[in-house]
Participant: 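Mind looking over this structure? Questions follow.
Throughout, residue positions are numbered sequentially from 1 according to the sequence presented.
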Amino acid sequence: MQISTRFTMAVHILLAIGEFSPTTRTTSTFLSKSVNANPVVIRRALGQLKDAGIITVEMGPGGAAFARPAEQITLLDVYRAVESTEDHLFNFHENPNAECPVGRNIHAVLDSELDDAQKALEDRLAQTSIADLLARIDTLVAEQQ
C-alpha cells in the first residue's frame with residue numbers, strides 16, 4: 001500500500017496558490033516550477049481539485065484560486081479529490097485459498113484492522129487545513145530570514 005504522489009503534489013499546489021495568489025497568477029506553468037513537475041501533470045491535478053470544488057480555474061493566463069477559504073479545505077478533502085482509493089486505502093489480494101485455514105479466514109481477521117487504520121488516517125487528515133499549513137510555512141520563512 002502506498003498513497004501516490006498525487007496527494008502531496010496537490011497539497012503543494014494548494015499551498016503555492018495560497019502563498020502567491022492573488023498577487024501572482026498561479027497558472028499551471030507557474031505552479032509547475034514550484035512543484036518541479038510537468039505543467040500537464042499540474043493541469044491534471046488542478047482539474048481534480050476543481051472537480052472537487054476546492055479551487056476555481058480561469059483558463060489561459062487567469063490561474064487558479066481557492067473556491068472556499070483555506071480554513072475550510074482539509075487534507076482529507078485534498079486526499080479524496082486526488083486519490084482513487086475507491087473507498088478502501090488497502091487493496092486486498094485476490095482469491096485467497098479457501099482450503100487453507102489462513103486463506104479462508106484472512107478477511108475475518110484483517111478487514112476490521114485495515115478499516116480502523118484507514119479511519120485513523122482520515123480522522124487525522126480531517127484535523128489539518130490548508131490554512132494551518134500556510135501558517136506553518138509563514139513561520140518557517142520568518143525563521144529562515
Side-chain angles (χ1 to χ4, degrees), residues 1-97 102-103 105-145:
M1 180 265 334
Q2 184 177 24
I3 295 173
S4 74
T5 59
R6 287 186 305 267
F7 173 67
T8 54
M9 189 176 298
V11 172
H12 187 143
I13 289 167
L14 291 171
L15 294 175
I17 291 169
E19 184 71 20
F20 296 108
S21 71
T23 59
T24 302
R25 292 178 302 177
T26 50
T27 64
S28 59
T29 300
F30 175 85
L31 294 167
S32 72
K33 292 175 184 171
S34 178
V35 177
N36 200 23
N38 189 298
V40 172
V41 173
I42 301 302
R43 283 191 288 276
R44 187 176 312 122
L46 290 171
Q48 291 175 305
L49 294 168
K50 180 182 176 190
D51 290 346
I54 295 172
I55 62 169
T56 60
V57 178
E58 283 187 41
M59 300 308 278
F66 293 143
R68 57 185 192 254
E71 295 82 9
Q72 295 177 12
I73 303 169
T74 68
L75 291 180
L76 181 59
D77 296 328
V78 179
Y79 169 77
R80 288 180 174 161
V82 299
E83 288 296 333
S84 58
T85 58
E86 298 174 10
D87 297 327
H88 294 288
L89 179 60
F90 297 94
N91 290 325
F92 221 102
H93 57 283
E94 296 291 323
N95 304 317
N97 185 348
V102 174
N105 294 296
I106 191 67
H107 280 284
V109 299
L110 194 53
D111 284 353
S112 66
E113 294 294 326
L114 299 179
D115 289 343
D116 289 349
Q118 181 168 342
K119 183 172 180 350
L121 171 68
E122 291 177 356
D123 288 348
R124 181 63 187 97
L125 292 176
Q127 293 175 26
T128 304
S129 73
I130 294 300
D132 296 331
L133 298 181
L134 285 167
R136 291 182 201 169
I137 286 177
D138 289 344
T139 299
L140 290 170
V141 169
E143 290 172 355
Q144 294 165 351
Q145 293 177 346

Participant: Provide the closest heavy-atom pair for Leu15 versus Leu134 in the form atom of the first, atom of the second, distance.
Facilitator: O-CD2, 3.4 Å
Participant: Begin with the C-alpha distance, continue with both residues' side-chain angles, and end with the deciding distance and a verdict on side-chain contact (heavy atoms from CB on, under 4.5 Å) for Leu49 and Val82.
Facilitator: CA-CA 7 Å; Leu49 294 168; Val82 299; 4.2 Å; yes
Participant: Would a 4.5 Å heavy-atom cut-off, applied to side chains only, mark Ile42 and Met9 as touching?
Facilitator: yes
Participant: Taking atom types as modelled, is there a side-chain donor on Asp115 or Ser112 under 3.5 Å from an acceptor on the other?
Facilitator: no
Participant: How far apart are the C-alpha atoms of Ile130 and Gln72, what are their side-chain angles, what is the distance that settles it, and do they pass the side-chain contact (heavy atoms from CB on, under 4.5 Å) test?
Facilitator: CA-CA 8 Å; Ile130 294 300; Gln72 295 177 12; over 6 Å; no
Participant: Take Arg136 and Asp132 through the test salt bridge (Lys or Arg N to Asp or Glu O under 4.0 Å) and record every step on the way to the result.
Facilitator: CA-CA 6 Å; Arg136 291 182 201 169; Asp132 296 331; 5.6 Å; no
Participant: Can you tell me how far the CZ atom of Arg44 sits from the CG atom of Asn38, to the nearest 0.5 Å?
Facilitator: 8.5 Å
Participant: If you compare all heavy atoms of His12 against all heavy atoms of Ser34, which two are closest, and at what distance to 0.1 Å?
Facilitator: NE2-OG, 2.7 Å
Participant: Decide yes or no on side-chain contact (heavy atoms from CB on, under 4.5 Å) for Asp77 and Arg68, but give the supporting numbers first.
Facilitator: CA-CA 12 Å; Asp77 296 328; Arg68 57 185 192 254; 3.0 Å; yes
Participant: Indicate the atoms forming the closest heavy-atom contact of Ala16 with Thr26, along with that distance.
Facilitator: O-CG2, 4.2 Å
Participant: Mind listing the closest non-hydrogen atom pair of Ser32 and Pro39 along with its distance?
Facilitator: OG-CG, 3.6 Å
Participant: For the atom pair CG (Leu31) and CG (Leu14), what is the distance rounded to the nearest 0.5 Å?
Facilitator: 9.5 Å
Participant: Look at Arg80 together with Glu122 and state whether they make a salt bridge at an N to O cut-off of under 4.0 Å.
Facilitator: yes
Participant: Please examine the side chains of Thr74 and Gln127, heavy atoms only from C-beta on, and report whether any two atoms are closer than 4.5 Å.
Facilitator: no
Participant: For the atom pair CG (Asn105) and CG (Leu110), what is the distance rounded to the nearest 0.5 Å?
Facilitator: 12.0 Å
Participant: Hey, what do you get for CG (Leu133) to CG (Leu75), rounding to the nearest 0.5 Å?
Facilitator: 5.0 Å
